[in-house]
Student: 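Once you've had a glance at the structure underneath, I'll fire off some questions.
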Amino acid sequence: MGFADLREFITALEKAGELCRVSKQVSPQYELAAVTQRTLAEQGPVLLFENVEGSDIPLLTNPFTSRRRVAFSLGCEERDLLQHWVRCLDNQIPPVIVPTGPCKDVHVAEPDLTRFPVPITWHEGDGGPFITFAQFITKDPDTGARNVGIYRLEVKDPRRIGASIAMTHHGAINHRKWELLGRDCDFALAIGTEPASYLATQATYGHGEDEYALAGALRGAPLELVRCETVDIEVPAHAEIVIEGRILANVREEEGPFGEWTGYMSGRAPRPVAEVSYMTHRADPIYNVTYEGYGIYGPTTIMQGVAREPEWFRAIRAQTCPMIKDLHLTIGGCAGFIAIASIGNAPAGLGKNVLMDMLRETGVKIAIVVDDDIDIRNMDMVQWAMAMRMQPAEDVFVIPRAANNRLDPSQPEFPSGLGSKIGIDATWSTKNLAPQTLAGVPADVTESVGKAWDTYGIPTSRG
Ligand code: MN
């Protein structure tokens, strides 16, 4: 079974040498961000800040900064991550509601978000302090179905936050549905939970499907939820901090700018506003945040990749190409802008169909397909396939003015979301081309050399 709560996860990280406690006092105004940024750039440990100016509680930054660390948090091997996640999608475990839990240790009837949890300003030019790593829970007014996502939240006043929820996200659909009924949309924020609930928020599956049921599968046991005090929402019982409130109907106020995971600042615009009504937290809470920004490939990139690769893989395997072997949203491509699939033994031309499948996603700008002898997590091999198995005149197609990710500033009408897409077929096997021979030494000699490797006295690792 997976971790029970955030502190159990922290203990495991520390035991594995993956966590560093920072006892030096740091300012929440840029300094905390700068220390986290440098640690991320150096692919260093998860940080637990024990002395943040203006705060009595410890603060954990960026627990999911590599696929290896995500695999660790789910108790599986990194190479098995995609297939493990596919199995969890097929075997979800709905959450259960329990009477109470540690998130109810302390009740705060009059929360002040400008004091607790400590407000953090991240990037030069940010519109204010932001809460960056809260599970934002809403319900559909028609069905009662829960949705959980992570959105950036600007702290505007002690009890007022700006909520930047993209229109295509399920949280925004729920807000809009309540708004059409003329009513505010209840929400709760769960901050600091065991890893699976955080990772499951990045699922892109249908509106109405419960991210917490995926979380249950990922951790191998149902998530325990408790009811909120002032809104009709349930939250993980073991959460460190719970903030309750309502997204106001028919209210928009300027929100942003904020430095996004794409590496660029994203602009200021009228966006929904939420009022906070109540807070509960554990007796000795831990605040959990993330840093994103230019020059690092932060948790959003890692988490989106980990969650979306299995869903798209599963859809393509079911609908287009049963012989798909792997699917990768590249790190440099900010987990979605660049997608690569490998396929084996597919009918002529099917590589292009797989490309069209990947490109239908609004986030994907560049799709590449290769044969399954290429390791698509090794960019040198992907480039080799493009260099040797792809003709730009026949194997590349461009789709102008499609719906793309709105955060891509190279779009001619930015930030309209209108952008072009490119598909690159770098397979050999689907093109009816003449067979070519790969250069190599005889297989039997490779094998006998391998068996006798130690006798050559060459200090290389084959691990
Ligand atoms: Mn959803």
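Computed from a prediction, not measured in an experiment: that's the story for all the values here. All ligand and atom numbering here is 1-based and tracks the order in the structure.
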Student: Name all pairs fulfilling the side chain to side chain donor-acceptor pair (under 3.5 Å) condition that reach into residues 214-227, sequence neighbours left out, sorted by first residue then second.
Tutor: none

Student: Using 30° and 60° as the class boundaries, would you call the ring planes of F9 and F3 parallel, tilted or perpendicular?
Tutor: tilted

Student: Suppose we call two aromatic rings close when their centres sit under 6.0 Å apart. Are Y264 and Y294 close by that rule?
Tutor: no

Student: Just the protein N/O/S atoms under 2.8 Å from the Mn ion (ligand 1), please, no waters.
Tutor: N147 OD1, H170 ND1, E211 OE2

Student: In chain order, what residues pass the salt bridge (Lys or Arg N to Asp or Glu O under 4.0 Å) check against R271, with sequence neighbours excluded?
Tutor: E255

Student: For Q319, which residues count as a side chain to side chain donor-acceptor pair (under 3.5 Å) partner, sequence neighbours excluded?
Tutor: none

Student: Taking the ring of Y291 and the ring of H123, is the distance between their centroids below 6.0 Å?
Tutor: yes

